[in-house]
Amino acid sequence: MAIVREEAVDTSISPRVSALRPSKTMAITDQAMALRQAGVPVIGLAAGEPDFDTPPAIAEAGMDAIRNGYTRYTPNAGTLELRKAICTKLQEENGVSYLPDEVLVSNGAKQCITQAVLAVCSPGDEVLIPAPYWVSYPEMARLADATPVILPTNISENFLLRPELLTDKINEKSRLLILCSPSNPTGSVYPKELLEKIADIVKKHPRLLVLSDEIYEHIIYQPAKHTSFASLPGMWERTLTVNGFSKAFAMTGWRLGYLAAPKHFVAACGKIQSQFTSGASSISQKAGVAALNLGYAGGEAVSTMVKAFQERRDYLVKNFKELPGVKISEPQGAFYLFIDFSAYYGSEVEGFGTIKNSESLCIFLLEKAQVALVPGDAFGDDKCIRISYAASLTTLQTAMSKLKEAVALLKPCVAA
């Protein structure tokens, strides 16, 4: 009898996928969760997820949808009810006018951004990304076979993009500029005057589009004010505005975001969505309508959360300023601190080794302080680490005490 030998299974992965880097924020969050499940009392300040429950009126709308049998597929672009509510919100709060067929509802803002990049970028195009940046932007560009071009900013300038640098980096391959305000990871808010200067530069390049990530727009601290890039003269036609419900309305698990843009861009993104996921959850969309009915900028429910975030920010800024060698740009929005700890690089710690960079510092702080933070190299700036203050003030006070004890074991090697 002939022996039939089985051939080894080809386990190769697509080069496009192999080139992608896993999200460090997700990896660290998973690591912290695993440690907690193993009995280690780790405090997780890595994930960008509000610690508040979804406001009751929103949750009740979702439960009503289930009870009333609203559990079937919706149109790919989202329900007309929700898209009309989004149009009203954008007109009243952001000063930009859209029709329902210029809005696409998706399973979170992340899906909106990915689809937008895939829809407008071709192989060889360049995507301009100010750094520090959200970890996923460069990978989304690579997924579209485009090249991410990083535009560094400085903590001394509040991590805001200098118009001169943008001018220098634009060329015939430049297809998309990604702006995020308020910013993840820095909390910086672009003032209207600076956005106007950026818009003046963008106007000179007919092929250049702008993706404006405004997911944190309602989490903003006075006197800072949010400006939608599409509201600036001449920018509506070339701006893809992304927003959603996860951050301001504490709806991370509901997975609901939206894109607003000229119809041809929305239609292209909708085509991708129709073949990837189809429409967002019917239940989440009913909850989204309820969220937009809470009042201007989310009403009292959102303002209460923002007040708590600001109290936490003020506490952390005050305490980190007490640490020698640390540099801080006080965030004007979102719920992150992006702190320059590079003065401690080169420190030798007995039983641990050398603090070489942001990753080794975060590993040290996880081991010694049992606090999970995200290294700045994940966001394009290895001098810094990101701390999420989307946790209770009591939790932050405990974390701060542990961090101070751990940092006391280090000595600044560079003058601040």
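We count residues from 1, following the sequence as given. What you see is a predicted model; the values in this text were computed from it and never measured.
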- Could you tell me which non-hydrogen atom of V117 sits nearest to which non-hydrogen atom of M140, and how far apart they are? CG1-O, 3.6 Å

- Can any side-chain N or O of S281 pair as donor or acceptor with the backbone N or O of I283 at less than 3.5 Å? yes

- Salt bridge R386-D381, side-chain N to carboxylate O under 4.0 Å: no

- Query: So, T354 and E348: side-chain donor and acceptor under 3.5 Å apart, yes or no?
  - Reply: yes

- Task: Classify the angle between the aromatic ring planes of Y344 and F341 as parallel (below 30°), tilted (30 to 60°) or perpendicular (above 60°).
- Result: tilted

- Taking atom types as modelled and ignoring hydrogens, do the side chains of Q111 and T277 form a donor-acceptor contact shorter than 3.5 angstrom? yes

- Any donor and acceptor pair, going by atom type alone, linking the side chain of N76 with main-chain N or O of G270 inside 3.5 Å? yes

- Message: Tell me every residue that passes side chain to side chain contact (heavy atoms under 4.5 Å, CB included) with R162, counting only those two or more places apart in sequence or in another chain.
- Response: E157, E164, L165

- Query: Please walk me through it: do E405 and K402 pass salt bridge (Lys or Arg N to Asp or Glu O under 4.0 Å)?
  - Reply: CA-CA 5 Å; E405 290 178 7; K402 290 173 172 286; over 6 Å; no

- Does K84 offer a backbone N or O that forms a donor-acceptor pair with the side chain of T88 under 3.5 Å? yes

- Task: Would you check, one step at a time, whether the test salt bridge (Lys or Arg N to Asp or Glu O under 4.0 Å) holds for K286 with E81?
- Result: CA-CA 9 Å; K286 279 293 187 183; E81 179 187 29; 3.1 Å; yes

- Given side chains that start at C-beta, do those of L82 and Y258 come closer than 4.5 Å, heavy atoms only? no

- Backbone of A297 reached by a side-chain donor or acceptor of E93 within 3.5 Å: yes

- L166 and L128, any side-chain heavy atoms less than 4.5 Å apart: yes

- Take S97 and Q91, measure what side-chain hydrogen bond (donor to acceptor under 3.5 Å, both in side chains) needs, and give me the verdict at the end. CA-CA 5 Å; S97 297; Q91 178 65 64; 2.2 Å; yes

- Item | Polar side-chain atom of S106 near backbone of G108 as donor-acceptor pair, under 3.5 Å | no

- All heavy atoms of A280 vs all of V105, minimum pair found to be CB-CG1, 4.1 Å

- Note on the structure: Rounding to 0.5 Å, atoms CG (N243) and CZ (F245) come to a distance of 8.0 Å

- Query: Taking the side chain as C-beta and beyond, is there a heavy-atom pair between L211 and L177 under 4.5 Å?
  - Reply: no

- Query: Once you round to the nearest 0.5 Å, how far does OG of S246 lie from CD of E49?
  - Reply: 8.5 Å

- Between Y133 and P185, is any pair of side-chain heavy atoms under 4.5 Å apart? no

- Residue pair D10, S12: steps toward the side-chain hydrogen bond (donor to acceptor under 3.5 Å, both in side chains) verdict: CA-CA 6 Å; D10 183 352; S12 60; 2.7 Å; yes

- Nearest heavy-atom contact between P41 and Q370 is CG-OE1, 3.4 Å

- Query: Can you tell if the side chain of D382 reaches within under 4.5 Å of the side chain of P375, non-hydrogen atoms only?
  - Reply: no

- Task: For side-chain contact (heavy atoms from CB on, under 4.5 Å), just list the numbers for I178 and V127, CA-CA rounded to whole Å, side-chain angles, deciding distance to a tenth of an Å, and then say yes or no.
- Result: CA-CA 7 Å; I178 299 181; V127 179; 3.8 Å; yes

- Does the R175 side chain pair with the main chain of V120, one donor and one acceptor, at a distance under 3.5 Å? yes

- Is the centre of the Y336 ring less than 6.0 Å from the centre of the F309 ring? no

- Query: Side chains of S401 and T398: donor-acceptor distance under 3.5 Å anywhere?
  - Reply: no

- Grab the two heavy atoms, one from F338 and one from C384, that are nearest each other, plus how far apart they are. CE2-CB, 3.4 Å

- Query: Between T153, D340, N158, which is the residue that forms a side-chain hydrogen bond (donor to acceptor under 3.5 Å, both in side chains) with S329?
  - Reply: N158

- Item | Min side-chain heavy-atom separation L208-L176 under 4.5 Å | no

- Do the two ring centres, one from Y98 and one from W236, sit under 6.0 Å apart? yes

- Task: Go through the side-chain N and O atoms of S231 and S228 and say whether any donor and acceptor fall under 3.5 Å apart.
- Result: no

- Task: Output yes when D51 and R312 qualify as a salt bridge under the 4.0 Å nitrogen-oxygen rule, no when they do not.
- Result: yes

- Item | Residues K307, E311: salt bridge by 4.0 Å N-O rule | no

- Minimum-distance pair of heavy atoms, taken over all atoms of N94 and K89: OD1-NZ, 2.7 Å

- Quick one: pull up CD in Q332 and CD1 in I219 and give me the separation to the nearest 0.5 Å. 14.0 Å

- Is there a donor-acceptor pair closer than 3.5 Å between any side-chain N or O of S188 and the backbone N or O of S183? no

- Query: Does any donor atom in the side chain of Q273 or S278 lie under 3.5 Å from an acceptor atom in the other side chain?
  - Reply: no

- Message: If I take atom CG from residue L373 and atom CD1 from residue I363, how far apart are they, to the nearest 0.5 angstrom?
- Response: 12.0 Å

- Query: Does the side-chain contact (heavy atoms from CB on, under 4.5 Å) test come out yes or no for I215 and V242, once each step is laid out?
  - Reply: CA-CA 7 Å; I215 190 69; V242 172; over 6 Å; no

- Message: Once rounded to the nearest 0.5 Å, what's the spacing between atom OG1 of T114 and atom CG of L143?
- Response: 7.0 Å

- Message: Any heavy-atom pair between the side chains of L337 and F320 that's under 4.5 Å?
- Response: yes

- Short N-O contact, E322 and K404, less than 4.0 angstrom: yes

- Modelled atom types, side-chain donor and acceptor of N357 and K383, under 3.5 Å: no

- From CA spacing to verdict: side-chain contact (heavy atoms from CB on, under 4.5 Å), Y137, D213: CA-CA 11 Å; Y137 293 148; D213 183 351; 2.5 Å; yes

- Taking all non-hydrogen atoms of both residues into account, name the closest pair between P163 and K197 and its distance. CG-CB, 4.1 Å

- Residues in salt bridge (charged side-chain N to carboxylate O under 4.0 Å, His left out) contact with D30, at least two apart in sequence or another chain: none

- Item | Lys NZ or Arg CZ of R313 over F335 ring: under 6.0 Å, within 45° | no

- May I have the step-by-step check of side-chain contact (heavy atoms from CB on, under 4.5 Å) for I129 and W134, ending in yes or no? CA-CA 9 Å; I129 306 172; W134 181 42; over 6 Å; no

- Any donor-acceptor pair under 3.5 Å from S284 side chain to L256 backbone: no

- Verify, without hydrogens or angle tests, whether S360 (side chain) and K356 (backbone) share a donor-acceptor contact under 3.5 angstrom. yes

- Item | E350 side, atom CD; L409 side, atom CG - distance, nearest 0.5 Å | 10.0 Å

- Message: Can you confirm whether L161 sits close enough to Y190 that some side-chain heavy atom of one is under 4.5 Å from a side-chain heavy atom of the other?
- Response: yes

- Report, as yes or no, whether the 6.0 Å neighbourhood of atom NZ on K263 holds more than 12 heavy atoms from other residues, nucleotides or ligands. no

- Task: Give a yes or no answer on whether the side chain of Q285 reaches the backbone of T79 with a donor-acceptor pair at less than 3.5 Å.
- Result: yes

